Trainee: 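Sharing a structure below in structure tokens format, with a few things to ask.
Note that the structure is predicted; figures quoted are calculated from it, not measured. Within every chain, numbering begins at 1; the chains are lettered A, B, ... in the order of the sequence lines, protein sequences first and strands thereafter.
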Amino acid sequence: MAREYGTENWIDWCPGCGNFGIVSSIYRAFSEMELDPEKTVLVSGIGCSGKMPHFVDVSGVHTLHGRAIPFATGIKMSDPDLEVIVNGGDGDLLGIGAGHFVALGRRNLDILVMMHNNRVYGLTKGQASPTLPKDTQTKALTSPNLQSAVPPLSLALSTGYTFVARSFAMDSDHLKEKIKEGMEHEGAAFLDVLQHCVTYNDIHTADFFRDRIVKSEEPEKERSEAFKKIREFRGSEEILTDVLYQDTEEPTFSERLEKKLTGFEERPPAVQNIEEDGKPILDQKEFLSRFDDLIFD
Amino acid sequence: MVEKIDMILGGAQGAGLETTTQILSSAFASSGLGVLSDREYYSNIKGRHSYVHAEVSSGTVPRSLNSKIDLLGCMDAETLFTHFLDLKEESYLVYDVSISEKKQEKIKSFEDPLRERLEKKFDELGLEGTIDSIVRFLEEEKNVTIIDLDFPSILAELQDQYEISSSQASRYVSSILIGAVSGLMDLETKSVKQGVNDKFEDKQKIAEQNIFLIENVVKQVKEKVGTPLKMDDPSLEKDKKMMVNGNQVTGMGKIVAGLRFQSYYPITPAADESFFLEENAGESEEENILVFQTEDEIAAITSCIGAALTGTRSATATSGPGFALMVEGLGWAGMNEVPIVITYYQRGGPSTGLPTRGSQEDLTNALFSSHGDFPRIVLASGDHGEAFLDAVESFNLAEKYQTPVIHLLDKYLANFTKTTDIPDLERIKIERGKKAEDTDIKRFADGPISPRISLGDEVIWNTGSEHSPKGHVMEDPENRIKMHEKRMDKLELADKNMEMPERVKYYGPEDPEYLLVGWGSVKGPALDSLESLDERIGYLHLRVFSPFPSEEVLSYLEKADKIISLEHSYSVKISRVIRMETGISIDNEVVKFTGRPMYRDEFIEALKNIIEAGSQREVLRHGP
Ligand SMILES: Cc1ncc(C[n+]2csc(CCOP(=O)(O)OP(=O)(O)O)c2C)c(N)n1
Ligand code: SF4
Ligand SMILES: [Mg+2]
């Protein structure tokens, strides 16, 4: 029988929240991939989205607001054997943590980032998030939003992510597949998950998304083509989903590190041995020979 | 023959002074002399005044510098203007006669207050304000021996000999100082040549040209004045020694400790440690040290924590502004019982402050920053030997107690190069603490120290929220009490069991009348002052601030008639911490907050003012 990935914890999202769709797609994807729970790590930020790890029976690291990516980066670099997935909110990843979002793209480290895009700050009661369009006034706002939205796919494309995709929380079959593809992709993968917030976003509801989604065909191999496609949708009511872009050629960060530190992929930091019987593994002579220019007779 | 000299060599930042210092230091070291040298510079890449102040001794390894110097070597006029008053009676000046006519007004890089101080001084002394007038003053009034070299003609000779352009030749100005110092001190030609060759290993031509120029200058200097600064035969132990600065020796400690992941975001004076690690990590497959430059200090600490969660010995190195960004992450590491080491090099604050100058202003920042309560261990090193051992011990403590360790250092130590004993790896212990053997155990089970489980070993959960023993969010009040107590009890345990490093060390007579109390880089001047006054003076050196060794400190404080705190800060945080931890108020203090080091002579003068003249607070100010 396929493994179940639920935990004993009661899930405390608002009834009807899009996050339920996301968690169930995660369960299905993990089951189908038969992931080893000990070797899989969900790393999340802070927000409604950040609670995800407590509901999934793989290792979980519930970090700080905006910092899931750098935590995940340290984990993955130290132990590339681990399958690492980031769950973040739109505020988490593109507001307070935007610098890290950019840095991950530049590194092309093999991590899947799932952005729970509800266009509001759920857990702090509905303020505008960086993906809320200008002039929009969701329920908790006292006046329309004064700031323009960050375009997540364009940002991911221009900062170096080699897998850029979008799906919808309530289209479980599709989302599950994109999660699997994003995890199987070698390199930095970004999955923008359209998620409705039943409590604070009365504009971008589940039906709002359902009515507007269109699927992209084949993933583009050229960034410029992907941008072109995005441009075609600008100003239109339709929302493009699916894998927009994938590049399998660009070396991952592990491969780049291997060039600098020979043997890194074989013996990454987490598996290196540093002591023997409580002593350093270093040989005194060899150690000192590294500092010839600092040592005098 | 002399036993000890202090010298200043100065020139524009980026003009070769660093190389000169390295070559001379290695020549001193291979001659068996003890050296302590400081590098002072602006936050600037090229053009502003920088200098090296070194004390060289044949008898002991110096622990502090003297503000009054025996030799001033000037690459340019600015150096002479800036430092001429530092020369002692009957000392030595090396300068370029071709700049004799230069006036202080012409030095564009002077900051106004220094210019004003100089003008006032010139008026006082009746000087015209030219280089020449200063040189005559030094010669006539201070009996300074003048070694006037004609830099342009020295460079012209080099130019002719090797058929190089004048702009190429001008790069050798700093080597003129090597020649002058070698001549005056009669350094062995062999060691100087060796120093040059080591430095320009793969640039044979440059080495040869340097040696040609240096030998020429040595000859000129000896003809002019002989070898008046020749040192006594060194009486230091003949063992191998290293010449290292604080960044290097701390890096060595980290390598020995088994560091495997170091994250950093570039900042003075910490970044050099990361470069050093990158250059000197071993090449065996069991020693790939990953040095990771992050996008900011928030990513530096959080990626460091991530790596530590997988069981890797992980650290990050920074300075005050970077630490400010790390504080939220520090709390997360405390909450999740993650062993990380933060190597914290203090520099002058607040804000950008004095970015290339030293300070000890951040003791309370290291002790108390971050919201809420969690255990942290805070160590502080006072010299190169301590920095090495503390670097190793930081990792042992972090893993034994599964909590963050802050290792405090400062810019003085970072940039002071010192003759230091070679580390003996046989004596180093690696202690990785309790690891979980049982597979069915909760990550935060039974405290205070739960067996450690790393990512990849078992399914575990971590969260910055208060959590159950399993690591899931839990706000229940009884659980809160249990978990909070479990974490905080680790400090008490550490307080009881901590053997290394020596948390408090007392130097001096059994029953001191005056007790100096300090930490970090004040150790050198403090120790050097103990014998200088008639009174019985002792020095209490603190090396562990958390857990604070209250009883031990108290027992020393109670023995003394009068206590004097020492710190490179305005507000003397050590006095505040001691009062908080022991109830004892310390009313006397010697402080310095200009970012320049405490010099031995000004320090002793300050002690006299307190001990003999009843002053309460002495503010030191020497150094341009
Ligand atoms: C440093 C910091 N600042 C502010 C907060 C408060 N905070 C908690 S969640 C959140 C926003 C959450 O919005 P989002 O990232 O979109 O996640 P969502 O709840 O919508 O899933 C904020 C601002 C915090 N936890 N930490
Ligand atoms: S506030 Fe919105 S995002 Fe958060 S749990 Fe409720 S519905 Fe979901
Ligand atoms: Mg959100």
Trainee: Just by distance, no angles: are the side chains of A:His62 and B:Ser465 close enough, under 3.5 Å, to form a donor-acceptor pair?
Mentor: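 Judged by distance alone, the side chains do not pair up.
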Trainee: How are the rings of A:Trp13 and A:Phe20 set relative to one another: parallel (under 30°), tilted (30 to 60°) or perpendicular (over 60°)?
Mentor: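 Aromatic pair A:Trp13/A:Phe20 classed perpendicular.
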Trainee: Name the member of B:His472, B:Met252, B:Met243 that forms the most heavy-atom pairs with chain A at distances under 4.5 Å.
Mentor: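 The option with the most such pairs is B:His472.
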Trainee: Side chains of A:Asn87 and A:His116: donor-acceptor distance under 3.5 Å anywhere?
Mentor: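 A:Asn87 vs A:His116: donor-acceptor pair found between side chains.
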Trainee: Quick check on the interface: out of B:Val244, B:Asp239, B:Ile255, B:Asp198, who has the most heavy-atom pairs with chain A under 4.5 Å?
Mentor: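 Highest number of heavy-atom pairs under 4.5 Å: B:Ile255.
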Trainee: State plainly whether the residues B:Glu287 and A:Arg290 are in salt-bridge range, i.e. N to O under 4.0 Å.
Mentor: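 Counted as a salt bridge, because a side-chain N and a carboxylate O are separated by less than 4.0 Å.
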Trainee: What option among B:Asn280, B:Thr417, B:Leu259 has the most heavy-atom pairs under 4.5 Å with chain A?
Mentor: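 Of the candidates given, the most pairs with chain A belong to B:Asn280.
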Trainee: Under a 4.5 Å heavy-atom cutoff, which of A:Thr73, A:Thr63, A:Val41, A:Asp293 has the most pairs with chain B?
Mentor: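 Ranked by contacts with chain B, first place is A:Thr63.
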Trainee: Counting only heavy atoms closer than 4.5 Å, note whether A:Lys51 contacts chain B via side chain, backbone, both or neither.
Mentor: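 Answer is neither: A:Lys51 stays 4.5 Å or more from chain B.
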Trainee: For the residue pair B:Thr310 / A:Asp79, report whether a side-chain donor-acceptor contact shorter than 3.5 Å exists.
Mentor: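 No, no side-chain donor-acceptor pair sits under 3.5 Å.
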Trainee: Quick one: what part of B:Glu279 sits under 4.5 Å from any heavy atom of chain A, side chain, backbone, both or neither?
Mentor: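 It is neither, since no heavy atom gets under 4.5 Å.
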Trainee: Using a cut-off of under 4.5 Å for heavy-atom pairs, which of B:Leu309, B:Val256, B:Ile301 has the most such pairs with chain A?
Mentor: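 Most heavy-atom pairs under 4.5 Å with chain A: B:Val256.
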Trainee: With a 4.5 angstrom heavy-atom cut-off, is it the side chain or the backbone of B:Lys199 that approaches chain A, or both, or neither?
Mentor: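 For B:Lys199, there is no contact with chain A at all, as no heavy atom is under 4.5 Å.
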Trainee: Check B:Lys442 with B:Glu458, please: is the shortest side-chain N to carboxylate O separation under 4.0 Å?
Mentor: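 Here B:Glu458 does not pair with B:Lys442 in a salt bridge, since their nearest N and O are not under 4.0 Å apart.
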Trainee: Name the region of A:Val56, side chain, backbone, both or neither, that has any atom closer than 4.5 Å to a heavy atom of chain B.
Mentor: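 When you check distances to chain B, only backbone atoms of A:Val56 fall under 4.5 Å.
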Trainee: Taking A:Gly99, A:Ala270, A:Ala72 one by one, which has the highest count of heavy-atom pairs under 4.5 Å against chain B?
Mentor: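 Between A:Gly99, A:Ala270, A:Ala72, the count favours A:Ala270.
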Trainee: Is B:Val392 close to chain A through its backbone or its side chain, or both, or neither, when contacts mean heavy atoms under 4.5 Å?
Mentor: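 Answer is neither: B:Val392 stays 4.5 Å or more from chain A.
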Trainee: Go through the atoms of A:Phe71 and report whether side chain, backbone, both or neither lie under 4.5 Å from a heavy atom of chain B.
Mentor: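 Contact with chain B involves both backbone and side-chain atoms of A:Phe71.
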Trainee: Would you please say whether a donor-acceptor pair under 3.5 Å links the side chains of B:Ser274 and B:Gln262?
Mentor: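 Judged by distance alone, the side chains do pair up.
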Trainee: Side chain, backbone, both or neither: which part of A:Thr40 has a heavy atom under 4.5 Å from chain B?
Mentor: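 A:Thr40 has no heavy atom closer than 4.5 Å to chain B.
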Trainee: With the side chain counted from C-beta on, respond yes when A:Asp110 and A:Lys76 share a heavy-atom pair under 4.5 Å apart, and no when they do not.
Mentor: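 The answer is yes, as the side chains (C-beta and beyond) meet within the 4.5 Å cut-off.
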Trainee: Just checking, is any N or O donor in the side chain of A:Thr124 or A:Gln127 under 3.5 Å from an acceptor N or O on the other one?
Mentor: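 Result is yes, a qualifying pair exists.
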Trainee: Ring centroids only, cut at 6.0 angstrom: are A:Phe101 and A:Phe190 within range, meaning strictly under it?
Mentor: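 So the answer is yes for these two rings.
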Trainee: Of the backbone (N, CA, C, O) and the side chain (C-beta and beyond), which part of B:Asp457 lies under 4.5 Å from a heavy atom of chain A, both, or neither?
Mentor: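 Backbone only.
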Trainee: Side chain from CB out, backbone as N, CA, C, O: work out which of these in A:Leu261 comes under 4.5 Å of a heavy atom of chain B, or both, or neither.
Mentor: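 For A:Leu261, the contact with chain B is made by backbone and side chain together.
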Trainee: What part of A:Leu288 lies closer than 4.5 angstrom to a heavy atom of chain B: side chain, backbone, both or neither?
Mentor: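 Contact with chain B is through the side chain of A:Leu288 alone.
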Trainee: Which answer fits A:Leu294, side chain, backbone, both or neither, if we ask what part of it has an atom under 4.5 Å from a heavy atom of chain B?
Mentor: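 Both backbone and side chain of A:Leu294 come within 4.5 Å of chain B.
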Trainee: Go through the side-chain N and O atoms of A:Asn273 and A:Arg267 and say whether any donor and acceptor fall under 3.5 Å apart.
Mentor: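 Distance-only check fails for A:Asn273 and A:Arg267.
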Trainee: Only pairs of heavy atoms separated by less than 4.5 Å count here; which of B:Ile305, B:Thr294, B:Leu455 has the most with chain A?
Mentor: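 Highest number of pairs under 4.5 Å: B:Leu455.
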Trainee: For A:Phe55, is it the side chain, the backbone, both, or neither that has a heavy atom closer than 4.5 Å to a heavy atom of chain B?
Mentor: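 For A:Phe55, neither part sits under 4.5 Å from chain B.
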Trainee: So which part of B:Ala308 gets closer than 4.5 Å to some heavy atom of chain A, the side chain, the backbone, both or neither?
Mentor: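 B:Ala308 has no heavy atom closer than 4.5 Å to chain A.
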Trainee: If the threshold is 4.0 Å, N to carboxylate O, is there a salt bridge linking B:Arg443 and B:Glu337?
Mentor: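 No, this pair does not count.
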Trainee: What part of B:Phe276 gets closer than 4.5 Å to chain A, counting heavy atoms only: side chain, backbone, both or neither?
Mentor: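 For B:Phe276, the side chain is the part near chain A, not the backbone.
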Trainee: Counting neighbours of CZ on A:Arg106 that are heavy atoms of other residues, nucleotides or ligands and sit closer than 6.0 Å, is the number greater than 12?
Mentor: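 For A:Arg106, atom CZ is not crowded (no more than 12 foreign heavy atoms under 6.0 Å).
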Trainee: Quick check on the interface: out of A:Ser44, A:Pro70, A:Gly97, who has the most heavy-atom pairs with chain B under 4.5 Å?
Mentor: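 Looking at each option in turn, the highest pair count goes to A:Pro70.
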Trainee: In plain terms, say whether A:Glu265 and A:Lys259 are close enough for a salt bridge, that is, a side-chain N and a carboxylate O under 4.0 Å apart.
Mentor: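 A:Lys259 and A:Glu265: not salt-bridged.
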Trainee: Between A:Met77, A:Glu275, A:Lys39, which residue shows the highest count of heavy-atom pairs closer than 4.5 Å to chain B?
Mentor: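 That would be A:Met77.
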Trainee: Any idea which of A:Thr7, A:Val271, A:Leu282 has the most non-hydrogen atom pairs under 4.5 angstrom with chain B?
Mentor: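 That would be A:Leu282.
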Trainee: What part of A:Asp36 gets within 4.5 angstrom of chain B, counting heavy atoms only: side chain, backbone, both, or neither?
Mentor: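 Contact with chain B: none, neither part.
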Trainee: Is B:Ala300 in contact with chain A via its backbone, its side chain, both, or neither, using a 4.5 Å heavy-atom distance?
Mentor: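 For B:Ala300, there is no contact with chain A at all, as no heavy atom is under 4.5 Å.
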Trainee: Relative to chain A, which segment of B:Val291 carries a heavy atom at a distance below 4.5 Å: side chain, backbone, both, or neither?
Mentor: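 Looking at B:Val291, just its backbone touches chain A.
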Trainee: So if I apply the salt bridge (Lys or Arg N to Asp or Glu O under 4.0 Å) rule between B:Lys254 and each of B:Glu393, B:Glu273, B:Glu278, which one comes out positive?
Mentor: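 Answer to the salt bridge (Lys or Arg N to Asp or Glu O under 4.0 Å) test with B:Lys254 among B:Glu393, B:Glu273, B:Glu278: B:Glu273.
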Trainee: Are A:Thr162 and A:Asn108 linked by a side-chain donor-acceptor pair shorter than 3.5 Å?
Mentor: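 Short answer, yes.
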Trainee: Counting heavy-atom pairs closer than 4.5 Å to chain A, which one of B:Glu201, B:Glu328, B:Met242 comes out on top?
Mentor: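 Answer, by heavy-atom pair count under 4.5 Å with chain A: B:Glu328.
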Trainee: Is the CD atom of A:Glu8 crowded by more than 12 outside heavy atoms at less than 6.0 Å?
Mentor: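 Yes, the 6.0 Å shell around CD holds more than 12 heavy atoms from other groups.
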Trainee: So for A:Leu257, is it side chain, backbone, both, or neither that comes closer than 4.5 Å to the heavy atoms of chain B?
Mentor: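 Contact with chain B involves the side chain of A:Leu257 alone.
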